[in-house]
Amino acid sequence: MSDLHLYNSYTRQKEKFEPSVPGHVGLYVCGPTVSGESHLGHARPYITFDVVYRYLTHLGYKVRYVRNITDAGHFEEEGREAEDKVAKKAQLERLEPMELVQKYTNLYHWGMHMFNNVNPSIEPTATGHIVEQINMIQDIIAKGYAYEVNGSVYFDVKKYAEKYPYGKLSGRVLDDLLETTRELDGQEEKRNKVDFALWKNAPPEHIMRWTSPWGEGFPGWHIECSAMSSKYLGTTFDIHGGGMDLLFPHHESEIAQSTIAHGHAPVRYWMHNNMITIDGRKMGKSYNNVIKLTELFSGNHPMLEQAYHPMVIRFYILQTHYRSTLDFSNESLQASERAFRRLWEAYEVLHKLQHPGNAEAGDPTLDAQVKTWCTECKEFMDDDFNTAKVIANLFELAPIVNSIKGGQIAQTALSAETFKLLQETFKVYLEDVLGMQALQVQQSDKLDKVLMLLIEMRKEARTRKDFATSDQIRNKLAEAGVLLKDEKDGSVSYTIE
RNA sequence: GGUCGGAUGGCCGAGUGGCUAGGCUCAGCUCUGCAAAAGCUGCUACAGCGGUUCGAAUCCGCUUUCGACCUCCA
């Protein structure tokens, strides 16, 4: 079906992708914790895996894409803060926990929409799957790999590691973890400090709580993903994605839980995107250097020189391979904005071009080159989703499109077949696979008519050589954010900033 | 401290041992009443030092340096 190869974090090498059920793909991506607003760093995995989903779909796979929402506040595993994040903030803001969850869920969905991310097939919530999580925990206890203490349940990592390769995904060595000198509170209940919570007893002040066989409490941090992914994708599914910072302990724990519960490893291909950095540092809550999406889109942040359109952010992210770090700066975002504008305008030009229909290429060398650039796009995507290279090729093609329009290249230079391929390539990769869309929404007919009137008046002034008037129209429109372009053929087009 | 990953031209970034990625910026030119847009041309870099090789940005070693994870984190 395809030649797709992807880098599997588990084996640390590129592997040929073969789904366990031919023609179908199960894709699970770690979604947000809706206790706060999404920031630029969060945008990366969602855009990265949106492209993964789009490309798999493009290849003809039937993909079930599951992306969870963590709406049950979790303790830190060692309970250092011993506070439920959601519950705490709810008190500060005097909101019901679920009200807060709803607010940030809505905001998150808005952000996803702005980025033109496709909705997942299923978007399960942690609070909606408490029963599944409890069942899974009971199963793990029954199999002897978890123990209850004071209403909390912990996973016995040391015992697990005796039979299974604990730490393989994240490159941890159990003995090293056990030797770590770091002392954390709330460890006394555990048999070993490496153990992690499956279920936590809820102290009286804790707002979010559910009845369980071990008393009132709430699920541990890692169990929801295991419970929900197996429910909707089966106990073995194809791709699990998330940020690199989730490798440990989150994904390592998921593997351990699921392996005990189901008797085998849950995931066939693990994919992890790298971080977005700012001044060379990971953008994250702990560094206090986040730029929220609302700030990014509005420009309302001390570090921002301007507002950035969601499509500019998307383009900027896709210009870099997903496993490389990507450094934020105004300069690079502005470069992305200019670049994307140019590319998208070429795409619009390509839309309008008509090919004369010659079957033979007038310029066989160019024809062959264009064909190569077009077909390479698939090879690049097949090579671990190399969107950067795809974009580079589209930029190779853009001047050709513009030159056909501008007359520097003859209309007949390309064969009809190649021209069609060129149009399809832009459509498929820029729109369908990379998920890009226009920066500006469609203009209303009324505005268009008004502008056409002004353009017509300017044209008349120019024929009279009344350049004072024509320039005035152009300059005033420019001040209003409407840029006029005199085309080679005498027509005039406009773009609205 | 442990584990892992980076260091590429003015900036951002891709790179599968040999064949200039690409973008942005900048300069010149073409087109244009002027501009903008577009097109063309120019700008050959791979942290340092060794090694392997006919040939290294790419492989190996060391050094310098930055970062990620080890704790909630995309």
Side-chain angles (χ1 to χ4, degrees), chain A residues 12 14 29-33 35-36 38-49 73-81 83 85 167 170-173 175-177 179-182 184 221 241-250 272-277 280-287 290 315-316 319-321 323-329 331-343 345-346 349 380 383 386-396 398-403 405-409 462 465-467 470-471 474-475 478 483-488 493 495:
Chain A
R12 296 169 195 233
K14 279 184 198 170
V29 175
C30 286
T33 300
S35 59
S38 297
H39 59 74
L40 176 58
H42 295 118
R44 194 165 193 194
Y46 304 139
I47 290 171
T48 297
F49 292 105
H74 288 299
F75 267 61
E76 288 182 352
E77 189 195 324
E78 274 81 16
R80 190 169 47 156
E81 293 296 320
E83 282 170 323
K85 276 191 287 179
S170 57
R172 295 302 121 125
V173 178
D175 289 341
D176 292 344
L177 291 170
E179 278 169 23
T180 306
T181 52
R182 172 177 238 138
L184 297 162
W221 177 33
M244 266 181 191
D245 49 356
L246 295 179
L247 271 164
F248 189 88
H250 187 54
H272 291 91
N273 63 276
N274 215 318
M275 303 292 103
I276 286 182
T277 58
R281 254 226 151 77
K282 171 187 167 186
M283 183 178 286
K285 269 177 251 174
S286 36
Y287 295 116
V290 303
F315 194 71
Y316 153 79
Q319 270 181 301
T320 305
H321 186 83
R323 283 191 289 111
S324 301
T325 54
L326 170 57
D327 198 54
F328 166 88
S329 71
E331 210 181 352
S332 47
L333 275 174
Q334 283 158 13
S336 287
E337 181 173 325
R338 292 204 179 93
F340 177 60
R341 276 184 196 280
R342 188 163 78 83
L343 191 61
E345 278 181 32
V349 165
F380 294 156
D383 184 15
N386 199 326
T387 55
K389 283 183 133 185
V390 171
I391 290 173
N393 268 31
L394 294 178
F395 272 113
E396 296 280 14
I400 291 167
V401 171
N402 287 327
S403 293
K405 184 199 176 198
Q408 295 97 331
I409 292 176
R462 290 180 71 204
K465 300 221 185 293
D466 177 7
F467 297 121
S470 69
D471 286 354
R474 186 176 65 198
N475 294 339
L483 299 178
L484 298 187
K485 282 187 267 182
D486 293 328
E487 304 292 354
K488 283 260 186 328
S493 64
T495 53

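Fair warning: this is a prediction, and the values are worked out from it, not measured in the lab. Within every chain, numbering begins at 1; the chains are lettered A, B, ... in the order of the sequence lines, protein sequences first and strands thereafter.
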Problem - Integer-rounded Å distance: B:C69 P and A:Met244 CE - result: 11 Å
Problem - Donor-acceptor pair (no angle test) under 3.5 Å: A:Asp486 side chain, B:A35 base - result: yes
Problem - Rounded P spacing from B:C43 to B:U20 in Å - result: 13 Å
Handout entry: hbond_proxy A:Arg474 side chain to B:C34 base (donor-acceptor, 3.5 Å cutoff)
Key = yes
Fill in the blank from the handout: Residue set satisfying side-chain hydrogen bond (donor to acceptor under 3.5 Å, both in side chains) with A:Thr277, at least two apart, ordered chain then number -> A:Asp327
Exercise for the section: Record whether the side chain of A:Asp471 comes under 3.5 Å of the base of B:G33 through a donor-acceptor pair of N or O atoms. Expected result: yes
Practice task
State, yes or no, whether a side-chain contact exists between A:Thr495 and A:Arg341 at a heavy-atom distance under 4.5 Å.
Solution key: no
Handout entry: Same-atom distance (P) from B:U58 to B:U53, integer angstrom
Key = 16 Å
Problem - Under the side chain to side chain contact (heavy atoms under 4.5 Å, CB included) test, residues paired with A:Gln334 that sit two or more places apart - result: A:Glu305, A:Gln306, A:Tyr308, A:Asn330
Practice task
Could you give the distance separating B:A35 and B:G23 at their P atoms, to the nearest angstrom?
Solution key: 25 Å
Handout entry: Residues forming a side-chain hydrogen bond (donor to acceptor under 3.5 Å, both in side chains) with A:Thr320, sequence neighbours excluded
Key = none
Practice task
Check side chain to side chain contact (heavy atoms under 4.5 Å, CB included) between A:Ala346 and all other residues, then give those that pass, not counting sequence neighbours.
Solution key: A:Ala398, A:Asn402
Problem - pair A:Asp383-A:Lys389: side-chain heavy atoms closer than 4.5 Å - result: no
Exercise for the section: Hey, can you tell me if A:Phe340 and A:Phe315 have their rings parallel, tilted or perpendicular (30° and 60° cut-offs)? Expected result: tilted
Completion exercise
Of the listed B:G22, B:G15, B:A74, the closest approach to the A:Asn386 side chain comes from B:G15
Handout entry: B:G15 to B:G6 separation - C1' atoms, rounded to the nearest Å
Key = 15 Å
Handout entry: C1' atoms of B:A37 and B:C31, separation to the nearest Å
Key = 11 Å
Exercise for the section: Give one of base, sugar-phosphate or nothing for A:Phe315, where a contact means two heavy atoms less than 4.0 Å apart. Expected result: nothing
Completion exercise
Closest to the 5' end of RNA chain B, once A:Gly41 and A:Ala392 are matched to their nearest nucleotides, is A:Ala392
Problem - Aromatic ring pairing A:His42/A:Tyr46, orientation class (parallel under 30°, perpendicular over 60°, tilted between) - result: parallel
Exercise for the section: Represent RNA chain B in dot-bracket notation, 5' to 3'. Only Watson-Crick or G-U wobble pairs with both distances under 3.5 Å count; pseudoknot-style crossings use [ ] and interstrand partners use |. Expected result: (((((((..(((.....[...))).(((((.......)))))....(((((..]....))))))))))))....
Completion exercise
Applying side chain to side chain contact (heavy atoms under 4.5 Å, CB included) to A:Asp245 and not counting sequence neighbours gives A:Met275, A:Lys282
Completion exercise
For nucleotides 2-13 of chain B, 5' to 3', base contacts (B), sugar-phosphate-only contacts (S) and non-contacts (-) with protein non-hydrogen atoms under 4.0 Å give SS-------SSS
Exercise for the section: Could you tell me the separation between the CD atom of A:Glu337 and the C1' atom of B:U25, rounded to a whole number of Å? Expected result: 15 Å
Practice task
Take nucleotides 38-44 of chain B nucleotide by nucleotide from the 5' end and write B, S or -, depending on whether a protein heavy atom sits under 4.0 Å from the base, only from the sugar-phosphate, or from neither.
Solution key: SSS----
Completion exercise
Contacts of A:Phe49 meeting ring pair (Phe, Tyr, Trp, His ring centres under 6.0 Å) (sequence neighbours excluded), chain-then-number -> none
Fill in the blank from the handout: Taking for A:Lys14 and for A:Tyr287 the nucleotide of RNA chain B with the nearest heavy atom, the one nearer the 5' end belongs to A:Lys14
Problem - C1' gap between B:C24 and B:U30, integer Å - result: 22 Å
Practice task
Just call it for A:Gln334: base, sugar-phosphate, or nothing, with non-hydrogen atoms closer than 4.0 Å on any strand.
Solution key: nothing
Practice task
Using the aromatic ring of A:Phe395 (for Trp, its six-membered ring), decide whether it stacks on the base of B:G23 within the limits of 5.5 Å and 30°.
Solution key: no
Problem - side chain to side chain contact (heavy atoms under 4.5 Å, CB included) partners for A:His272, two or more places apart - result: A:Ser9, A:Leu169, A:Met244, A:Leu247, A:His251, A:Trp270
Exercise for the section: List for me each residue that meets ring pair (Phe, Tyr, Trp, His ring centres under 6.0 Å) alongside A:His321, sequence neighbours excluded, and say none if there are none. Expected result: none
Exercise for the section: List for me each residue that meets salt bridge (charged side-chain N to carboxylate O under 4.0 Å, His left out) alongside A:Glu396, sequence neighbours excluded, and say none if there are none. Expected result: none
Practice task
State which of B:C24, B:A21, B:A74 makes the closest approach to the side chain of A:Lys282.
Solution key: B:A74
Handout entry: Between B:G13 and B:A47 - P atom distance, rounded Å
Key = 15 Å
Exercise for the section: Could you check whether A:Leu343 gets within reach of a base, just the sugar-phosphate, or nothing at all, counting any heavy atom under 4.0 Å? Expected result: nothing
